[in-house]
Amino acid sequence: MIMKTKSAQSPQTKPPAFLEELLQARSPSGYEDEARDVVRKRVGEIADHFIIDNLGNCHASLGTTGSPTLMLAGHIDELGLIIKHVSDKGFLYFDAIGGHDRSMISGRRVDILTKNGTVRGVTGKRAIHLMTPEERKRVPEFHQMWIDIGASSRDEALDKVRIGDAAVYDHGFEMLQGSMAISRAFDDKSGAYAVNEALLRLAKSKKPNCKVVAVSTSQEEIGTRGAISSAHLANPDVALVVDVSHATDHPDADHRKFGRFTLGGGPILTRGPNVHPAVFQRLMDCASKEKIEVQIEADPRPTGTDARAIQVARDGIPTGLIGIPLRYMHTPSEVIDLDDLEAVVRLMVAFARSLKRGEKF
Ligand SMILES: [Zn+2]
């Protein structure tokens, strides 16, 4: 595989406004309203049909009847914190929504989403000066951290925040060099952007032979829950899932364990039991036709993505999995290459156009 090298002098890529809006939206699993509003605004009018289902999945479709029906799935939820307890002094204790690295939680500014708007807070913990040498080596447990909103009593805190309110880190989108970008929650707002952007491009040019349903799924981070119900409703003949995938081109990844995947190396296509071989092959063929460089990942188990749920929905759905290479997954500052994301969009458009009327995998 040829590794693209990009110099620091590469011209700065202009990020898509739709992607930036999705990243600004705060949407911890189960609390995805802001992201749904962005999707509705961007694709609701252009799609032939747009609905939000009972689990909060957005279904935007092109073509009302169709054989085959192609489902494109990317999740709009992100990691978050959920308020569990408020102390007498007004400090908020929390649990995690999704798989957090506990060493990353303290010292962050957070936005708590309440019924009266955003409440700012900071994740506090005991200062290093006040720890024993042994304590300094340990990662704090959840109950050893708290959110400080500046309240002085439980009543004052509960006046602003309710038990069950969710919070996200205040780490927004920024460009790095060239086409590299940094944000919280590229996992998987970048995938949700990609599936909806593919639908928009299909809508603006010659319509494909199939019905296309772009589904922005909810609650992926807590067990691919939106994918379970949305795959049933969308009832596709074939599905493509887009999620982020580990780039291993940083100084602490053993390629013998994790394979070699680079930012800028193109979409990562998964092979293994969770992926239909003919769907994988069609993606390879489309990539080759479109001159899109791809990377191949082998996964022997159900993947940690919506593909896990969609493949076994109904009587089984031929499913493919496209990964956006990403560094620092599930940290507040994830890094992707926007050129990879653009290639993912183009690959899905090419896949949709490749489907013949009535085709089955
Ligand atoms: Zn994730």
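These numbers come from a predicted model, not from an experiment. The figures that follow rest on heavy atoms only: side chains count, while hydrogens, waters and symmetry mates do not. When a ligand or atom number is given, it counts from 1 through the structure's own listing order.
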Task: Joint cluster assignment, V139 & Y328, ILVMFWY side-chain distance < 4.5 Å - done: no
- [ ] For the Zn ion (ligand 1), find the closest N/O/S atom on E221 and give its atom name.
- [x] OE2
- [ ] Treat each ILVMFWY residue as a node, draw an edge where side-chain heavy atoms are under 4.5 Å apart, and state whether Y169 and I336 are in one component.
- [x] no
Open item on the list: Need the atom name: nearest N/O/S atom of D187 to the Zn ion (ligand 1).
Closed with: OD2
Task: Shared hydrophobic cluster for I82 and L158 (ILVMFWY, side-chain gaps under 4.5 Å) - done: no
Open item on the list: To make sure I understand the geometry: which N, O or S atom in H330 is closest to the Zn ion (ligand 1)?
Closed with: NE2
Task: Note: D299-R271 ion pair, threshold 4.0 Å (strictly below) - done: no
